[in-house]
Amino acid sequence: MTGATGFVGQALCARLQRHADVQVCAAVRREGQAVLPIGVTPVLVGDLAQVASPWPGLEGARVVVHLAARAHVMHERLADPLAQYRRVNVEGTVNLAQQAAQAGVRRFVFVSSIKVNGEATLPGQAFTPADTPAPQDAYGLSKHEAEKALWQIAQATGMEVVIIRPPLVYGPGVKGNFARMVQWVRQGLPLPLGAVHNRRSLVAIDNLVDLIALCASPEHSPQATNQTFMVADGDDVSTTELLRRVAHAYGKPARLLPVPTGLMRGAAHFLGKAAAADRLLGSLQVDASKALDLLGWTPPTSMGKQLQKMAQYDARL
């Protein structure tokens, strides 16, 4: 597994460790990078894009789960961010997959991003795996290019490939925009988001790692071979409803002011924050029915339960 020390990776390690017959090896870039769960074997590999063959963690491996990536950067400072995204997300993925195929790995599970599909949907018109990809930024483009390269490797070598495209992931220890939103609610700040009628799909970390674990078991998911899946909670919410649910989980009042969305979009455009406004006010829905129908998978937790788990986790900090 790559990316084992990240938000998703740590949760996936814990999920896989429930099975006594599963041996998890975690690729790490440097020694002492992070504490891994008991029983997870660290393998020092350095930069995936430059690791020479044979990669030390692949001997005897049956499945590779590739989580490591250069994540979406909100305030990009590089002059050529696409080049860096391609080096990490495309070249690193290709290098790892080629070596995995040479080592006889049976299945390669790649966690991509809903950004391969695009940035927004019309209400009621959710993204599906069959849609024509339409990435809008360097991160999404790099993930799309990595997916295309994986299909070529699968065709040339016979190694099974499974691609999963999650939307925003949340759960205990989450960072970024979701963590900031939770902090706003916990501080009791009045927010001008009480009249937002968009629809957004999210995925709880427990739901995401459950699907990844299923896809990482060829014996239990033979139908996943060479398939692309969307994943979501199946409970699309507006930004207003999401904030109310967060407030309820944390035992805080939801101080939401019903400011018209048109007014907020205009102000955001004036302040150069149009992209941030789109994420708060626009819709992005994901159709995860393929995983349910083809694999028989159902999300093991609900948004309410995952938010409660977050609140309990944060209360211990």
Side-chain angles (χ1 to χ4, degrees), residues 1-6 8-29 36-49 51-69 89 91-112 129 143 146-166 205-229 231 290-291 294-297 300:
M1 177 195 307
T2 69
T5 59
V8 176
Q10 291 187 51
L12 181 58
C13 283
R15 172 68 175 77
L16 293 174
Q17 286 298 96
R18 298 177 191 170
H19 302 278
D21 60 340
V22 174
Q23 175 61 50
V24 181
C25 292
V28 296
R29 295 189 63 182
L36 294 170
I38 296 174
V40 176
T41 304
V43 179
L44 185 63
V45 298
D47 189 335
L48 286 178
V51 176
S53 180
W55 187 54
L58 293 175
E59 184 178 355
R62 297 178 62 255
V63 178
V64 169
V65 178
H66 184 34
L67 300 170
N89 297 350
E91 295 174 24
T93 299
V94 169
N95 185 29
L96 176 60
Q98 288 176 336
Q99 293 194 45
Q102 292 170 7
V105 168
R106 176 175 175 180
R107 178 174 287 186
F108 191 98
V109 181
F110 179 58
V111 178
S112 184
K143 285 289 192 177
E147 288 186 12
K148 291 193 296 182
L150 285 175
W151 294 131
Q152 292 173 352
I153 293 171
Q155 185 175 23
T157 67
M159 182 176 67
E160 299 174 3
V161 168
V162 183
I163 291 172
I164 301 173
R165 295 179 189 160
I205 186 71
D206 289 351
N207 290 337
L208 175 58
V209 300
D210 190 74
L211 179 61
I212 296 173
L214 176 61
C215 291
S217 176
E219 295 78 13
H220 293 96
S221 60
Q223 304 92 334
T225 301
N226 297 336
Q227 298 291 336
T228 298
F229 297 101
V231 58
K290 181 177 177 179
L294 190 61
L295 305 180
W297 176 78

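All residue numbers refer to positions in the sequence shown, counting from 1.
- Here Leu58 contributes atom CG and Leu96 contributes atom CG; the two are 6.0 Å apart, rounded to the nearest 0.5 Å.
- Here the straight-line distance linking atom CZ of Arg165 with atom OG1 of Thr228 works out to 5.0 Å at 0.5 Å rounding.
- The minimum heavy-atom distance between Met159 and Ala154, with the atom names listed, is O-CB, 3.3 Å.
- What you find for Val209 and Val8 is that their closest heavy atoms are CG1-O, 3.9 Å.
- For the residue pair Gln99 / Asn95, a side-chain donor-acceptor distance below 3.5 Å is found, with atom types taken as modelled.
- Although no hydrogens or angles enter the test, the distance criterion places a donor-acceptor pair under 3.5 Å between the side chain of Arg107 and the main chain of Cys215.
- Contact record, Thr225 with Pro222: OG1-O, 2.9 Å, taken as the closest heavy-atom pair.
- In this structure, NZ in Lys143 is found 10.0 Å from CD1 in Ile163, a value given to the nearest 0.5 Å.
- Smallest separation of non-hydrogen atoms from Leu16 and Ala213: CD2-CB, 3.9 Å.
- Using a 4.5 Å heavy-atom cutoff, the side chains of Ile153 and Phe108 are not in contact.
- Rounding to the nearest 0.5 Å gives a distance of 12.0 Å between NZ of Lys290 and CD of Gln223.
- Closest heavy-atom contact between Pro300 and Asp206: CG-O, 4.0 Å.
- With Ser221 contributing its side chain and Leu214 its backbone, the two residues share a donor-acceptor pair below 3.5 Å.
- A distance of 7.5 Å separates NE2 of His66 from CG of Asn89, quoted to the nearest 0.5 Å.
- Nearest heavy atom pair, residue Ala216 against residue Val65, reads CB-CG2, 3.9 Å.
- Between the Ser112 side chain and the Ile164 main chain, no donor and acceptor come within less than 3.5 Å of each other.
- Judged purely by atom type and a 3.5 angstrom limit, Asn226 has no side-chain atom pairing as donor or acceptor with the backbone of Glu160.
- From Arg15, atom CZ reaches atom CD1 of Ile212 across 10.5 Å, with rounding to the nearest 0.5 Å.
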